[in-house]
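To start, the structure itself, in structure tokens.
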Amino acid sequence: MAIKTLKDLFIHDLSDVYSAEKQITKALPKMARAAEDPKLVDAFNTHLEETQGQIERLDQLVEATPEVRIKRMKCHALEGLAEEAQEIIESVEKGPVRDAGLIGAAQKVEHYEIATYGTLHAMALKLGFTQAADLLAETLKEEKATDEKLTIIAESQSAPAK
């Protein structure tokens, strides 16, 4: 896809985050199974439900914005972040150290999503896609809340053994 206009960039970034969200729905169940702390397992399961809602919200955005059609593509950034999480699952024994690693991996994903949704929101406003901007702002708010929840869980955990 040739990107020549802000609208082209918006569609590209929207398509990229759509792919990211789809990949997250595959990674979160693995992370939930790999975690030990019940609060962390619950956070991953809750975020899976939110992520499914965020995909639906992206579908709503496309329906509400006739000028926008999502392109089929793969989010390589999320692919790499998911691989990092899988590496933690495979190389760290189940327990507090793995949980700490999973929290870090999940927060990397959240920060990627926060940056992406913030940028998409700003572009939607600039392009006059008001309803799209509102939907993106809602998702951005959820991503920030998930990041904060993960921070609280991390801070409440006992320190991993040295």
Side-chain angles (χ1 to χ4, degrees), residues 10 12-62 70 73-125 129-162:
F10 178 78
H12 176 273
D13 287 359
L14 193 67
S15 301
D16 190 67
V17 82
Y18 192 85
S19 168
E21 295 291 12
K22 292 284 194 173
Q23 289 180 57
I24 291 166
T25 64
K26 292 180 177 81
L28 281 170
K30 294 176 189 174
M31 294 172 75
R33 286 190 301 274
E36 182 176 73
D37 183 329
K39 288 181 282 189
L40 184 56
V41 172
D42 182 58
F44 288 150
N45 287 326
T46 298
H47 194 54
L48 175 59
E49 291 173 24
E50 283 182 349
T51 301
Q52 290 163 338
Q54 292 165 354
I55 291 169
E56 289 173 17
R57 196 175 295 130
L58 289 170
D59 289 334
Q60 283 179 324
L61 183 157
V62 171
I70 290 178
M73 61 186 298
K74 181 174 237 174
C75 178
H76 297 290
L78 208 294
E79 184 178 38
L81 292 171
E83 285 174 11
E84 283 187 29
Q86 187 61 38
E87 191 175 306
I88 290 165
I89 291 168
E90 292 172 2
S91 64
V92 182
E93 186 178 319
K94 192 167 192 165
V97 175
R98 181 191 280 177
D99 283 357
L102 289 172
I103 290 169
Q107 286 193 295
K108 288 177 186 178
V109 170
E110 290 309 310
H111 293 185
Y112 174 78
E113 289 182 294
I114 289 166
T116 302
Y117 281 110
T119 299
L120 282 167
H121 178 258
M123 283 194 272
L125 289 174
F129 299 156
T130 310
Q131 191 171 357
D134 292 345
L135 292 166
L136 292 163
E138 194 174 336
T139 298
L140 179 60
K141 184 178 175 183
E142 287 176 355
E143 300 297 3
K144 288 178 178 180
T146 297
D147 182 53
E148 182 60 32
K149 185 179 196 178
L150 289 167
T151 296
I152 290 167
I153 293 169
E155 289 172 347
S156 72
Q157 288 189 324
S158 55
K162 294 180 181 180

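Please read all numbers here as calculations on a predicted model, not as lab measurements.
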query = What closest approach, in Å, do M73 and S15 show between heavy atoms, and which atom pair accounts for it?
reply = SD-CB, 3.4 Å
request  = Starting from the C-alpha separation in whole Å, work towards a yes-or-no answer on side chain to side chain contact (heavy atoms under 4.5 Å, CB included) for Q54 and T51.
outcome  = CA-CA 5 Å; Q54 292 165 354; T51 301; 4.1 Å; yes
query = In terms of heavy-atom contacts, does CD of Q52 have more than 12 from other residues, nucleotides or ligands at under 6.0 Å?
reply = yes
ask   = To the nearest 0.5 Å, how far apart are CD in E110 and CD in E113?
value = 5.0 Å
ask   = Any side-chain heavy atom of E143 within less than 4.5 Å of one from T139?
value = yes
Residue of the set E79, E87, Q86 for which side chain to side chain contact (heavy atoms under 4.5 Å, CB included) holds with E83 = E79
key: Validation row: D13, V17 side chains within 4.5 angstrom (heavy atoms)   = no
note = Closest heavy-atom pair, A32 versus V41, reported as atoms and distance to 0.1 Å, is O-CG2, 3.5 Å
ask   = Do side-chain atoms of Q23 reach the backbone of C75 as a donor and acceptor pair under 3.5 angstrom?
value = yes
Minimum side-chain heavy-atom gap L135-L58 below 4.5 Å = no
query = Going by heavy atoms in the side chains, are Q131 and L61 under 4.5 Å from each other?
reply = no
ask   = Can you tell me how far the CG atom of L28 sits from the CG atom of N45, to the nearest 0.5 Å?
value = 8.5 Å
task = Could you check T46 against T146 for side chain to side chain contact (heavy atoms under 4.5 Å, CB included), going step by step and ending with a plain yes or no?
result = CA-CA 9 Å; T46 298; T146 297; over 6 Å; no
Short N-O contact, E21 and R57, less than 4.0 angstrom = no
ask   = So how far is it from Q157 CD to K39 NZ, rounded to the nearest 0.5 Å?
value = 7.5 Å
key: NZ (K141) with more than 12 external heavy atoms under 6.0 Å   = no
key: Closest contact, heavy atoms only, F10 versus L120   = CE1-O, 3.5 Å
key: Considering all heavy atoms, the nearest L40-A35 contact   = CD2-CB, 3.8 Å
query = Would you call S19 and L78 a side-chain contact if the rule is heavy atoms closer than 4.5 Å?
reply = no
key: Enclosure of K144 NZ (heavy-atom neighbours >12, cutoff 6.0 Å)   = no
ask   = Distance from T116 atom OG1 to L136 atom CG, nearest 0.5 Å?
value = 11.0 Å
ask   = So how far is it from I88 CD1 to R98 CZ, rounded to the nearest 0.5 Å?
value = 9.5 Å
task = With rounding to the nearest 0.5 Å, note down the distance linking NZ in K108 to CG in L150.
result = 13.5 Å
ask   = Quick one: which of D42, I153, I103 gives a side chain to side chain contact (heavy atoms under 4.5 Å, CB included) with D37?
value = I153
request  = Compare all side-chain heavy atoms of F44 with those of L102 and state whether any distance is below 4.5 angstrom.
outcome  = yes
